[in-house]
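Order of listing sets the numbers, starting from 1, for every ligand and every atom in it.
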Amino acid sequence: MKVIQIPLNPFSMNCYIYFDETSGDGIIIDPGAFTEAEKNNIRRITEDNDIKIKYIVNTHGHLDHILGNKFAKDYFKVPVMMHQSDVFLLDNSSEQARFFGLDFPPPPPVDEYITNDTSVSLNGTELKFINTPGHSPGSVCIIDDKNKNVFCGDLIFKNSVGRTDLQGGDIKILLDSIKNKLFKVSKDDYTLHPGHMEITNVKDEKKFNPFLQKDFKY
Ligand SMILES: [Zn+2]
Ligand SMILES: [Zn+2]
């Protein structure tokens with residue numbers, strides 16, 4: 001499996017394309033493309049690598065992560081997946097965009113709701129999903145146990161955690177999601193691919209993340 005990280009849009013979020021290099025089967029995670037150049041870049045990456053996008057997956061419903069949903073849906077013509085608890089954010093997104101002065105057409109509806117029972121198979125590589133609320137109620141992590149990769153959205157960042165001052169955010173719930181949900185199913189050597197900034201791994205966050213350090217002995 002190959003990860004392509006694509007930083008996008010005025011909010012500097014990370015879009016990811018995650019795909020199986022043999023079959024080309026892949027998913028696009030948080031396709032936040034906003035400008036034509038950003039959209040062209042995603043088109044070019046998928047064409048150059050012969051990637052067959054099977055799903056558009058949103059780690060959560062915040063504006064920066066769904067800015068390119070319409071573009072991705074129109075271009076790839078595949079289902080949009082998101083947790084049902086974040087649909088209210090999708091519904092508010094055009095209003096949010098106006099607040100930031102962005103011209104943003106209403107995003108397409110969610111086609112498949114992500115639950116803790118959801119899984120996606122990419123040429124035999126199983127991706128599982130867990131709901132990890134706190135940054136938003138419907139935030140999810142996407143986990144590939146075989147290749148030890150986690151796409152964690154805005155739950156946790158290198159040496160930091162997602163903000164919890166937005167609608168539906170809660171720091172207690174967020175820390176519980178990291179410690180008792182994400183870290184229960186991902187081992188120390190799992191790579192974390194966050195929604196902003198650079199990649200990290202579970203062990204480094206247990207060791208160095210000021211929000212978590214005291215809970216883990218290293
Ligand atoms: Zn967010
Ligand atoms: Zn974000």
Name of the [X] N, O or S atom nearest the Zn ion (ligand 2)?
X: His196; result: NE2
X: Asp154; result: OD2
X: Asp64; result: OD2

*Sidechain N-carboxylate O distance under 4.0 Å for Lys70, Asp74*: yes
_Under 3.5 Å: donor-acceptor pair, side chain of Asp170, backbone of Lys172_ =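 Confirmed, Asp170 side chain pairs with Lys172 backbone.
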*Mark yes or no for whether His196, through its side chain, and Ser12, through its backbone, hold a donor-acceptor pair below 3.5 Å.*
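Indeed, once roles are kept as given, a pair shorter than 3.5 Å links the two residues.
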*Give the atom name of whichever N/O/S atom in His62 sits closest to the Zn ion (ligand 1).*
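Atom name returned: ND1.
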*What N/O/S atom of His135 is the closest to the Zn ion (ligand 1)?*
NE2
*Classify the side-chain pair Asp154/His135 by whether it contains a donor and acceptor separated by less than 3.5 Å.*
yes
*Could you tell me whether the side chains of Thr200 and Glu205 share a donor-acceptor contact shorter than 3.5 Å?*
yes
*Tell me, please, if His65 has any N/O/S atom, main chain or side chain, under 2.8 Å from the Zn ion (ligand 2)?*
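Short answer: yes, at least one N, O or S atom is under the cut-off.
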